[in-house]
Novice: 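The structure under discussion is supplied below as structure tokens; questions concerning it will follow.
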Amino acid sequence: GGVPFFYKKKPRRWICGATTSENLKAWAEGKACAPFLAPPAKFKSAEGAKTQGIIGNLRERGREAMEEKRELAEEMRAMAAMDGSRRR
């Protein structure tokens, strides 16, 4: 995980890395929070803004890949459940 890493046992919520104060407060109160919510970056240079854009694109591609894997896993579970019910 990133540094800092915050984890609460009872609600089983966590935050990995730097985050906004609002997100940290929600986590502390046991409310829903985003585990990977970086604070907004304030770049003054064009190069910094370009880097931020690249990071944002990578983050979005990662989210899309995870969603595809999640959907595939759900389809496989459904197929396994259907196969199991046919055998009975």
Side-chain angles (χ1 to χ4, degrees):
V3 176
F5 186 81
F6 301 98
Y7 182 77
K8 287 189 82 145
K9 289 181 182 180
K10 194 155 192 161
R12 301 184 105 185
R13 297 201 186 277
W14 51 272
I15 294 177
C16 184
T19 191
T20 64
S21 58
E22 293 83 16
N23 195 48
L24 186 61
K25 183 178 178 184
W27 170 83
E29 294 173 349
K31 298 177 181 175
C33 63
F36 298 104
L37 178 65
K42 297 176 183 170
F43 292 109
K44 295 180 181 176
S45 70
E47 186 174 321
K50 181 179 176 183
T51 302
Q52 185 64 23
I54 292 169
I55 292 170
N57 288 339
L58 287 172
R59 184 176 290 137
E60 184 59 30
R61 286 175 37 204
R63 284 186 186 128
E64 289 171 0
M66 289 301 294
E67 183 60 29
E68 287 176 17
K69 288 180 182 182
R70 201 173 293 123
E71 289 172 2
L72 180 60
E74 288 176 13
E75 289 175 17
M76 292 179 73
R77 275 189 229 111
M79 289 172 55
M82 287 174 43
D83 188 42
S85 65
R86 288 184 194 158
R87 292 182 183 178
R88 293 180 186 186

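Please read these numbers as outputs of a predicted model, since none were measured by experiment.
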Novice: According to the side-chain hydrogen bond (donor to acceptor under 3.5 Å, both in side chains) rule, which pairs have a member within residues 69-80, sequence neighbours left out?
Specialist: E67-R70
Novice: What heavy-atom pair brings A32 and A26 nearest, and what distance separates the two atoms?
Specialist: O-CB, 3.6 Å
Novice: Quick one: which residue pairs count as a side-chain hydrogen bond (donor to acceptor under 3.5 Å, both in side chains) with a foot in residues 30-40, not counting sequence neighbours?
Specialist: E29-K31
Novice: With sequence neighbours excluded, tell me which residues meet salt bridge (charged side-chain N to carboxylate O under 4.0 Å, His left out) with K25.
Specialist: none
Novice: With A38, which residues qualify under side-chain contact (heavy atoms from CB on, under 4.5 Å), at least two apart?
Specialist: none
Novice: List, by chain and number, the other hydrophobic cluster members for L72, where Ile, Leu, Val, Met, Phe, Trp and Tyr join if side-chain heavy atoms come within less than 4.5 Å, directly or indirectly.
Specialist: M76
Novice: Using the side-chain contact (heavy atoms from CB on, under 4.5 Å) criterion, which residues pair with E68? Sequence neighbours excluded.
Specialist: none
Novice: Show the nearest heavy-atom pair for residues K8 and G30, with the distance to one decimal.
Specialist: NZ-N, 4.5 Å
Novice: Report yes or no: do F36 and F5 belong to one cluster of Ile/Leu/Val/Met/Phe/Trp/Tyr joined by side chain heavy-atom distances under 4.5 Å?
Specialist: yes
Novice: Of all the heavy-atom pairs spanning L24 and I15, show the shortest one and how long it is.
Specialist: CA-CD1, 4.0 Å
Novice: Minimum heavy-atom separation for P4 to A18, with atom names?
Specialist: CD-N, 4.0 Å
